[in-house]
Structures are given as structure tokens and as C-alpha cells.
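First the proteins, then the strands, lettered A, B, ... as listed; each starts at 1.
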Amino acid sequence: MSTLHIFSKPLGYYNTDQLVNLIQPTDKVLLLSDACFAIAQFRQLATHLLILADDAKVRDITINQPDHSLSYDDFVALTLATSHSITW
Amino acid sequence: MSTLHIFSKPLGYYNTDQLVNLIQPTDKVLLLSDACFAIAQFRQLATHLLILADDAKVRDITINQPDHSLSYDDFVALTLATSHSITW
Amino acid sequence: MINVLVLSHHSPFDDLHIRDALDMTLIFAAVEQNISWLFSGPAVLALKKHQQPEHIGLKNYFKTIRTLEIYDVENIYVCEKSLLEYGLDKHNLLVEVKALNYQQQNQLIAQQQHIVNL
Amino acid sequence: MINVLVLSHHSPFDDLHIRDALDMTLIFAAVEQNISWLFSGPAVLALKKHQQPEHIGLKNYFKTIRTLEIYDVENIYVCEKSLLEYGLDKHNLLVEVKALNYQQQNQLIAQQQHIVNL
Amino acid sequence: MARFVLSLHSAPSDHDTTQRLVKFAQACLTQGHNIDAIFLYQNGVFHASEQLDLAADELAINTLWQQLHEQGIHLMLCVTAAEKRGLDINNTSVFAVAGLAEFAMLASDADKWVQFK
Amino acid sequence: MARFVLSLHSAPSDHDTTQRLVKFAQACLTQGHNIDAIFLYQNGVFHASEQLDLAADELAINTLWQQLHEQGIHLMLCVTAAEKRGLDINNTSVFAVAGLAEFAMLASDADKWVQFK
């Protein structure tokens, strides 16, 4: 059982306290859109962040660890590999 | 010189750190709409809060100090008594 | 029958967020799925008693929230911490709810097939 | 000539907030008022260099931000603390800006006739 | 007496903000102030959608705008904001289609600009 | 192969979310999955506005929806959400007007429901 947590804005848009308590170690955290700017902020929620490569690229953001970079095919596969998703 | 700061949502919707630093002791803080629910939260920004009476009433919120309760006529007068307003 | 969870965390008159969540909750009950609704943050204020928005010309959707019990929507949950933050307790609320701590919220989430955040 | 201040605090692709603020800033310059634009929080990211939204089919409004200098909009300010929060410094930005601490932001606000938050 | 401009930034679905702007405008007029313009900007432009037709138990938004229009208040729609949102600017009800420059000039001459959102 | 439903919650002015939903949908189809419905809810219903007409240098939203429609994807508009927002449900482009119950049944049968906003 694991949840896919999807974010599209920097962390300040969300209730950090709630997220810190609801995101489990086995869960996946995916950053889309303007959330890609805030990789450092989201690291407090999960060490292994997944980042949509297209969205990072247009924002001139370098993804340091290659295994954190996701294509749309990977995104679809990720929704299937988790029990359910929450688009915050 | 004083600024009228207008809020319509609970404090969690805003950047508290910025507000704490930008709201001056001579400024006025006005709570409308769902901000009326959060009088206790907004007290960290200003001791003398102004609250639109109509909006508080429909939410069944009691305004303890009568001088904090504003009519629409008072609201108009308040915009004239301050240098400018910011609708956050 | 599947488990579906609706999440709400917007304040009562922040656009139509709570009303959209209410409609979604009622319809999943109508199509006989096991629907739950979890209120967090300022959304708990949508459950506060004695609100009368019709006095300023707004639709009173709180009346519809009260019909949840009639339509057998029994799984109404609130974040325990959020209730405290807004100075509310169960006696101030429109309907009967279960207050959950974060661990219980995690258990609720783990049981769901679909989760929709409105 | 009056002093008008535009405030931005939304992230670059949060709906059209930054684009609406850009239009407002350019038009007040065009009607020859003394316009200033202050970026706070995630809005500072709208000034980050080398963004290419056209690669995913989105309009590149960053090009228009660069025209602010051509149209003599010189009062572009950023919150010093927000730059730090997003790991940016002046060399990463599209246009020349003045970084302000909170005290300086207060002075800027005090000088304005109108302040619009977009 | 003071000169006001008011701007509305939220969509018609935000009934609460709409009723507040209207009541503020009426209080201005009652006190003898001038409202030089009410300006729809950002998602506020959707108020000018000709098709806007809400249920009877919702706020009667169209009627409120009609009343303000009949009281001679200049109701303006920002063409730039409308075009970015794909709104049909050929059918804008009681709202006059205006450029941002026109509003900026009115705002520059006004004593007070109050935003509603 | 899995069965998906996708829902879109943000207005057409949020071009970024729209392009992401479309690319996700295309990746689903390429991988051989089924998309039982794409459902417009909340402010997403404004995508069904017939008048939507954006400038040439903006995302070609209408064309993207047309393509998904031609690929046989069931594009649905929530009538309840549309009526609350005053949208004209007689002209909804490639979107079929549907009740929330119809969508809830499709979602109940789907393996995955992914929200875009």
C-alpha cells in the first residue's frame, strides 16, 4: 500500500504540517509544474523526490540524480505502481 | 501615513512572515468574509482588528469589543482615513 | 463497492470548493459506493453550526450538509488538530463527525481506492 | 504623476497572475505614472533566467518581462528574503532588480498612492 | 467628496465577494462619493459573460450589475484580461469593453482604488 | 491493461495544467491503457465554453481537445458544476453534458482516477 502525492506549486501553497504527517516513508512524491522550482523545500517531505523532466527542463532546472527524472510514460507507470494518488 | 490591510481568508492562506514584517503599528487590519472566522489568528498581526459586522453575523461570530465592528459605511470611511489599501 | 475519499481543505466561502466536494460526496453515496469525507484546516469551518449566509443573499449550503445523515453518509471525518486551531469542538458542529489524529487519517487514506481533493 | 505599486506573490505558472501583473505594470508606465513592481515569495521565480515555456506549448511571457527595461520601467523590486529562499541571486535574473529587506519594503509601500495586489 | 475606482478580481462563482463589492459601492454612493469606474480584471472578467444564468436560490448577480448600471456607474471590462481567458468580447452585457490604459488613467485620477477578491 | 479516468479542475487560463493532462492522456493511450472518461469539474468546466478563442501564440487548447475527441475519448462536462458557474450547457463544443452520477459510476469501475489541477 502506497500513495502517490502530486504537487504543482512550491511548498508554501500547502499545509506543510499536514503533509509532513500524512506522507509515509513508502509513499512517492511527484513534483510537476512550479513545484519543480522547490526541490529543496520538498526534500523535508521525502528524500526520494520524482520530478517530471519536461516541466523541470522548461524552467531550466537541473535534476541532479537521473533516477529522480520522470517521463510521461514513467508518470503513467507510477500511477499504476501505487495504490492511489492525491493531487494536492 | 497608514495602510489599510484587507483580508478575506483565514491566516493560513497568506505568508505570515511577510505580513508580520509589513504591517506597521499605525496600520489598520480589516477582516472580511472567512477571515472573520480567524480573529484569534490575526491577533498576532495587530491588536486592534476591524471586522465587517455583516460577514461576522452570517457566520455566527460574536465581536466582543463593539469598537471593532464595522458597517459598510464605516468601511468606506476607513478607506478614506488611510493612505491606501492592500487587498491581500 | 469501493472506498472513495473526498478531501476538503478550503474555507467555507473560498469559491465553490466545499459545495463541489458536497456534491461529489452525495453522488458517490447515491451510486452506492462507500464514500468518506475528510475536512482539514479551514474546511472544518464549513461544519460550524448556526451560519446564515442567506442574510447576505448567498445560498445556504449548510442545510444540504445536514442532509448527509439522511442520505446515509456516515463517514464524515475532521482533522482533530484543525478543530482545535479554529476553536471548535464536536458540539459546535452541524452533523456528527469522527475527529481523527494524523495516524488515523493515514489509516483512512490507506483503505481507499480513489482519493479526490476538491 | 502618482506612485503606483504592483505586488506579486504567485508562482510563475499559477494561472495568469504574473501575466496580469505584467500587463498592469506596462500600462501604468505607458500612461506615464511612476510604477513599481515588487516580487515576493514564489513570484521571484518569474524573474529566473533561461526559462523556455514555448517548449511545452506555453507562451513565453519572460520575453515581455525583459521589455520592461525598454519601456523605462526601472522600479523592479524583489524581496531579499524570498530570493534566498529560492536559491536565486541577482545574476540569475532576467532584468536588473533592487533587492529590498522588509524595512525597505515598508518605505516603498509608504510612498504609494495606490497599491494593487495581482 | 472623494472619487473611487473599484476593481473586481474573482469569478462570478465567488458570490460572497460580489455581494460585498456591490454593498461597498452602494455605501459610497449613499455618502455622496463618486465611483468613476468598477473594473473587471483577472477572473473578474467572467462576470461579463452574456450566458451567465444562475439558479433562483443563488445570488442574483445579473440584477445587481443591472442596478449599478442604471445608477449610472461606469462598468468596465478589461479587454486584455478577457482575451487571455477566451471570453467573447462581443457580448458583454452591461459592461463596456475597455483597454487597460483607460482604466489606468481613471485610477490615476481617483483618490482611492479598492480591490475586491 | 488498466482503465483510467482523468479529471480536470482548473480553468482554460491554466494552460500549463491543460498541456500536462493531454500529454498524460496520450502516454496512457500509447501504452495501450483505456481512458474511460476525461471529466471537467470545478473551474475545469470553462474548457467547454464554445466561445473559447485564444491568440495564436497561446496554447491551442481547442485543437488539443478536438484531437482527443477524434481518438474516441469520452470527454464529459459536469452539468452540476457548470450550472453553478453560469455556463451555457447548450453549447459545449466536443464535451458531452453529463451528470455527476454518470461520472461517479465510471470512476467506481476504473482502476485509476488521476486529478489534474
inquiry  = Under the criterion side chain to side chain contact (heavy atoms under 4.5 Å, CB included), I'd like the reasoning laid out for C:Ile56 against E:Lys23: C-alpha separation, chi angles, the key distance, then a yes or no.
reply    = CA-CA 10 Å; C:Ile56 51 172; E:Lys23 284 185 189 153; 3.3 Å; yes

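- For the ring-ring contact (aromatic ring centres under 6.0 Å, His included) test, no residue two or more places apart in sequence or in another chain qualifies with C:His9.
- Counting heavy atoms from C-beta on, the side chains of C:Lys59 and E:Leu59 never come closer than 4.5 Å.
- Taking every heavy atom of both residues into account, C:Phe13 and E:Asp16 meet most closely at CB-OD2, 3.8 Å.
- The parts of E:Glu58 that come within reach of chain C are both its backbone and its side chain, each placing non-hydrogen atoms under 4.5 angstrom from that chain.
- Contacts with chain C (heavy atom to heavy atom, under 4.5 Å) involve no residue of residues 64-85 of chain E.
- The most heavy-atom pairs under 4.5 Å with chain E, out of C:Leu16, C:Asn60, C:Asp14, come from C:Leu16.
- Environment of CD in C:Gln111: crowded, with over 12 heavy atoms of neighbouring residues, nucleotides or ligands closer than 6.0 Å.
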